Amino acid sequence: MNQHTLSMRLERVAAHVPAGARLADIGSDHGYLPVALMRRGLITFAVAGEVALTPFSAAERTVRENAMEQRITVRLASGLAAITPGDAITAISICGMGGETIRDILDSGKARLSGQERLILQPNGGEQPLRQWLMENGYRIHREELLQENRFDYEIIVAEHDGPVLYSPEQLFFGPLQMQVRSPAFLLKWQRILRHKQQNLANLARAQQAVPEHKVQEIARQAQWIIELLA
Ligand code: SAM
């Protein structure tokens with residue numbers, strides 16, 4: 001992967017960035033996503049935010065090597081602290097982190113969101129708490145994608161601040177749009193997870209040490225949801 005050839009995962013994220021956007025890519029690592037989008041003429045301005053020094057320097061190098069310093073600003077900052085009102089950001093991508101981390105970035109940076117930005121989020125797990133945050137903060141989920149790359153499942157969630165919206169616990173768990181579409185990849189994913197949960201429940205039943213009852217019940221409830229989904 002580089003600024004010319006993105007991974008399939010980042011290609012799908014890129015596809016949800018509106019043409020002409022002013023993008024903030026938070027946790028940009030090498031800065032490949034904003035640089036690739038700028039090279040293709042699909043965005044007009046970008047901030048690449050990074051909390052860690054090594055990826056921050058890597059992003060600076062990618063931007064410099066592509067002579068894009070005037071159009072892509074690389075900032076060393078945690079989360080949405082990389083954005084200023086003057087950036088007039090219209091899209092924010094936060095990709096390749098746990099869903100809880102993405103939720104915490106959005107929550108602690110709430111004051112920096114104007115509500116006009118499209119959020120393009122690609123959590124690695126933890127989708128449920130992330131969807132919960134979106135719902136509680138007036139973000140409706142407009143698109144959801146599930147893709148497999150290198151044998152990993154990746155989800156992409158595109159949300160905009162045009163709620164209020166109310167999702168059921170099952171919709172928060174599976175994804176409201178994915179539940180409707182029921183793509184083959186989605187059904188396969190949940191078949192795999194059901195096998196894993198049933199194995200987990202069997203192991204817990206055999207466990208010598210006491211396992212908190214609420215934990216067992218939570219897994220059993222989720223397994224039941226999956227059985228109903230697949231029925
Ligand atoms: N977004 C790229 C992608 O999807 O390929 C890079 C993903 S990389 C696994 C996660 C990056 O997020 C790391 O470079 C890490 O330093 C950065 N990161 C983690 N927490 C962050 C935060 N609070 N603010 C900014 N960057 C963060």
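Small disclaimer: the values here were computed from a predicted structure and weren't measured. Ligands are counted one by one from 1 in listed order, and the atoms in each one are counted from 1 as well. In this chain, residues are counted from 1 in sequence order.
- Close approach to Ala52 involves these atoms of ligand 1, each under 4.0 Å from a residue heavy atom: 16 (O).
- Against a heavy-atom cut-off of under 4.0 Å, Gly79 is close to the following atoms of ligand 1: 22 (C), 23 (N), 24 (N), 25 (C).
- Not one N or O of Gly49 is nearer than 3.5 Å to an N or O of ligand 1, by distance alone.
- At least one heavy atom of Arg9 sits under 4.0 Å from some atom of ligand 1.
- Every atom of ligand 1 with a heavy atom of Ala77 under 4.0 Å away is listed here by number and element: 24 (N), 25 (C).
- If you look at Ile105 next to ligand 1, the close heavy atoms, those under 4.0 Å, all belong to the side chain.
- When Gln128, Arg131, Arg221 are each tested for a side chain to side chain contact (heavy atoms under 4.5 Å, CB included) with Phe173, only one passes: Gln128.
- Of the possible donor and acceptor atoms, none in the side chain of Glu117 sits under 3.5 Å from a partner among the backbone N and O of Leu119.
- Proximity of a side-chain donor or acceptor of Gln122 to a complementary backbone N or O of Gly96 within less than 3.5 Å is detected.
- Less than 4.0 angstrom separates some heavy atom of Leu10 from each of these atoms of ligand 1: 4 (O), 5 (O).
- Looking at Arg22, its side chain does come within 3.5 Å of a backbone N or O of Asp87 through a donor-acceptor pair.
- The option with the heavy atom closest to atom 23 (N) of ligand 1, from among Ser78, Ser7, Gly96, is Ser78.
- Although no hydrogens or angles enter the test, the distance criterion places a donor-acceptor pair under 3.5 Å between the side chain of His161 and the main chain of Asn137.
- With hydrogens and angles disregarded, a donor-acceptor distance shorter than 3.5 Å links the side chain of Thr44 to the backbone of Gly20.
- In the candidate list Asp104, Leu6, Val51, Val51 is nearest to atom 21 (C) of ligand 1, counting heavy atoms.
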